[in-house]
Protein chains: 2
Amino acid sequence: MNNNYELYKVFYWAAKTGSLTKAANNLYLTQPSVSHAIKQLEERFGIALFYRNSKGVTLTQEGAMLYSYIEQSQILITLAEEKMAALKNLDSGELRIGGSDSLFKHYLLPYLEDFHHNHPGIRLHLNHGTTPEIITFLKEGRIDLGVVRMPIHDSQLQVRESIKLQDCFVTGARYAELKGAILSLDKLLQYPVILFSRNSRARMAITELFQNYGYTLKPEIEVGSVELLIEFARKGLGISYVTREFVAKELEEGSLFEIQLDVQLPPTHVGIMTMRNMPLSRAASSFIELVR
Amino acid sequence: MNNNYELYKVFYWAAKTGSLTKAANNLYLTQPSVSHAIKQLEERFGIALFYRNSKGVTLTQEGAMLYSYIEQSQILITLAEEKMAALKNLDSGELRIGGSDSLFKHYLLPYLEDFHHNHPGIRLHLNHGTTPEIITFLKEGRIDLGVVRMPIHDSQLQVRESIKLQDCFVTGARYAELKGAILSLDKLLQYPVILFSRNSRARMAITELFQNYGYTLKPEIEVGSVELLIEFARKGLGISYVTREFVAKELEEGSLFEIQLDVQLPPTHVGIMTMRNMPLSRAASSFIELVR
DNA sequence: GAGGAGCTATAGACCATATCTATGAATAAT
DNA sequence: ATTATTCATAGATATGGTCTATAGCTCCTC
């Protein structure tokens, strides 16, 4: 390289300490090295930068001019290095996650709490959306990772399989007669079914399953949140198709019960998506580590 | 050195151009060198700074953070280098000269005009004072050079001998009878003598000369400027002791004439003083070059 | 003054490493 | 497919940064 920025660091310390010897100590160099470095700078500029005497060095007029620029420059570099250290230590930075509201609330929440507790300096951005939206966000670089239901097939994405979820039909006291019974699909269809809105992944999966058995699943009620699925089933408005793990509390306390079917409902996995071949931010990789 | 600031320059160009190849071209390096440099930075921080793809590179979140600092830093360095080039080319800077008013006006003025014309970017500071004051200014670093009458004996100073000046006695039409005559010192003392103020170098020199011949020189009138010395002599108030070169115009036009003496008055030299062992500013050394 | 304790400058040797060439691998465009 | 980009990697080379040893200078102390 034609001119070496390293020399500015030496100059900075020499000017700051007023002594080549002290500069050398600060830089873990020997005094002759510093002397040589300053001389190089002076020769390069064709301008004397320091007055030398037996007490040390002081800046010349021109040296002082140079210092006024270099000082700022060096301070910025120091700040930059501190910032990078903070980013590495997860004392600073941000983590942008995309996912569905229900996954945030019922699956990620404890991890998010934990992560935030351990790394309060990292700002969390949660972006909810449908799976295709999340994928778009990822590809546009607006989020670091997406948490969605598998399967995902996209060669640009890397998907890590996470927790296994089991969807099921649940209802409340209004249909207590079904408790313990093992229903067939057509029997189930005689009851009002409550499903999540049309474009959800779970909805598509269960609709397809019914179709494979020759039935058409058309919901009595269609809602936009898991909360409402639970609430409506409890109130007796019908049978909700929900993720079992998300109604653990209600099943436990008995306000909902699961309806046994004579067919096996397919489990789904949660996938953590990131861009393939793109390095993860420290925060993102640390979070993924935590979740898995 | 433990960490190399040179890498930041490479990082800056890679980020700025979005391409390692372009960065290499800008830096007159090869692409593998740049690739290697970036890799080093990333390993040093333990953080990926760029996403690489077949079109080039783009900053990661953390890389963008680093860039926000480094960009400013690099801009400052560039400005610093431009400033230094300007100082070297004498397009910028300042020149601080100490001297007596009379030397500024009658000796330095044309040089100052010339210098200012050639280097309009350099600010001129003229500080007038007595010789001891000028020396103090020099030692305090408040001026770059001093222009005074020789001899100067001070081991801290370097004195360059400049123009030779000859002091002499002059008067106007009122004492026309003296024109062409050759006076002795005691004869001169019968006329009213006008001298410069007590603490001037020229005054001390001529007083001492009279003393060496056994006479006491006491002025009729004592003035504070060379202008008044000239003016008073012209108006016929007495015989002024002035520097011949400074009254060249008046001698030429005949409004003053020089009085011949039977003794040789000692010539003095103008000296240009600078601090010994201290590098001169570009402006100062250029000006000294011009004057000599 | 002599001697000591600072400071910086200089000379010469050494080796770390920045840089190069040559090549590979991956992607995008023709 | 083929060509033209991009960046990554490996290995060789020589530049030049850094060291040790020493000298020169100034200031201070005895």
Side-chain angles (χ1 to χ4, degrees), chain A residues 1-44 47-60 63 139 154-158 275-279, chain B residues 1-44 48-60 63 139 141 154-158 275-279:
Chain A
M1 298 185 183
N2 47 352
N3 73 345
N4 196 330
Y5 281 27
E6 202 66 12
L7 298 178
Y8 293 129
K9 182 162 63 172
V10 180
F11 169 75
Y12 171 68
W13 281 99
K16 188 177 175 176
T17 61
S19 155
L20 302 194
T21 306
K22 284 181 190 155
N25 292 335
N26 276 292
L27 293 163
Y28 304 102
L29 294 173
T30 59
Q31 172 268 318
S33 292
V34 172
S35 183
H36 185 233
I38 298 299
K39 194 178 179 186
Q40 265 191 82
L41 257 195
E42 291 183 321
E43 283 174 359
R44 199 155 286 173
I47 292 180
L49 299 173
F50 288 102
Y51 301 122
R52 279 89 159 160
N53 58 46
S54 61
K55 287 176 178 170
V57 295
T58 49
L59 287 167
T60 62
K139 291 187 179 172
D154 189 317
S155 61
Q156 288 185 61
L157 301 181
Q158 179 181 354
M275 292 298 285
R276 186 183 300 281
N277 298 332
M278 284 213 181
Chain B
M1 298 186 187
N2 47 352
N3 75 346
N4 195 329
Y5 282 30
E6 202 66 13
L7 299 178
Y8 293 128
K9 181 163 64 173
V10 180
F11 169 75
Y12 171 69
W13 282 100
K16 187 177 176 175
T17 61
S19 155
L20 302 195
T21 307
K22 284 181 190 153
N25 292 335
N26 277 291
L27 293 164
Y28 304 102
L29 294 175
T30 58
Q31 172 268 317
S33 292
V34 173
S35 184
H36 184 235
I38 298 299
K39 195 179 179 188
Q40 266 191 79
L41 258 193
E42 291 183 320
E43 283 174 359
R44 200 154 285 174
L49 298 173
F50 288 104
Y51 301 122
R52 279 88 160 162
N53 59 45
S54 60
K55 287 175 176 169
V57 295
T58 50
L59 287 166
T60 61
K139 292 187 179 173
D154 189 315
S155 62
Q156 287 186 59
L157 302 180
Q158 179 181 355
M275 291 298 286
R276 185 183 299 281
N277 297 332
M278 286 217 180

Nearest-angstrom distance from the residue atom CD1 of A/Ile38 to P of C/dC7: 16 Å
May I ask you to evaluate whether B/Gln40 reaches the phosphate of C/dT17, defined as a side-chain N or O under 4.0 Å from OP1 or OP2? no
Which heavy-atom pair separates B/Phe50 from A/Pro279 by the least distance, and what is that distance? O-CG, 3.7 Å
Please give me the minimum heavy-atom distance between A/Val57 and A/Ser19, naming the atom from each residue. CG2-N, 3.8 Å
Does the side chain of A/Ser54 get closer than 4.0 angstrom to OP1 or OP2 of C/dT8 through an N or O atom? no
Starting from P on C/dA16, measure out to CG on A/Leu29 and report it in whole angstrom. 16 Å
Rounded to whole Å, CG of A/Asn53 lies from C1' of D/dC28 at a distance of 15 Å
Checking B/Thr60 side chain against B/Ala48 main chain: does a donor-acceptor pair fall under 3.5 Å? yes
Closest nucleotide among C/dC7, D/dC7, C/dA9 to the A/Ser35 side chain: C/dA9
Please check the phosphate of C/dC20 (OP1 and OP2 only) for any side-chain N or O of B/Ser33 closer than 4.0 Å. yes
A/Lys55 atom NZ: more than 12 heavy-atom contacts under 6.0 Å: no
Whole-Å distance, A/Glu43 CD to D/dG16 C1', equals 14 Å
D/dC7 phosphate, OP1 or OP2, under 4.0 Å from B/Lys39 side-chain N/O: no
Report yes or no: is there a donor-acceptor pair, N or O only, under 3.5 Å between the side chain of A/Gln31 and the base of C/dA9? yes
Return the value, rounded to whole Å, for the distance between atom CG of B/Leu20 and atom C1' of C/dT19. 15 Å
Nearest-Å distance for atom pair OH/C1', residues A/Tyr51 and D/dT26: 19 Å
Within the structure, does a side-chain N or O atom of B/Lys22 lie under 4.0 Å from either OP1 or OP2 of D/dT6? no
Provide, to the nearest angstrom, the distance between the NE2 atom belonging to A/His36 and the P atom belonging to D/dT15. 15 Å
Consider the side chain of B/Pro32, meaning its heavy atoms from C-beta on, and name the nucleotide among D/dT18, D/dT6, D/dA8 that approaches it most closely. D/dA8
It should be established whether A/Arg52 places a side-chain nitrogen or oxygen under 4.0 Å from OP1 or OP2 of nucleotide C/dC7. no
Residue-phosphate contact under 4.0 Å: B/Thr30 side-chain N/O, C/dT21 OP1/OP2: no
Please report the distance, rounded to the nearest Å, between CZ in B/Phe50 and C1' in D/dT6. 14 Å
Give the minimum heavy-atom separation between A/Leu20 and A/Ser35, together with the two atoms involved. CD1-CA, 3.8 Å
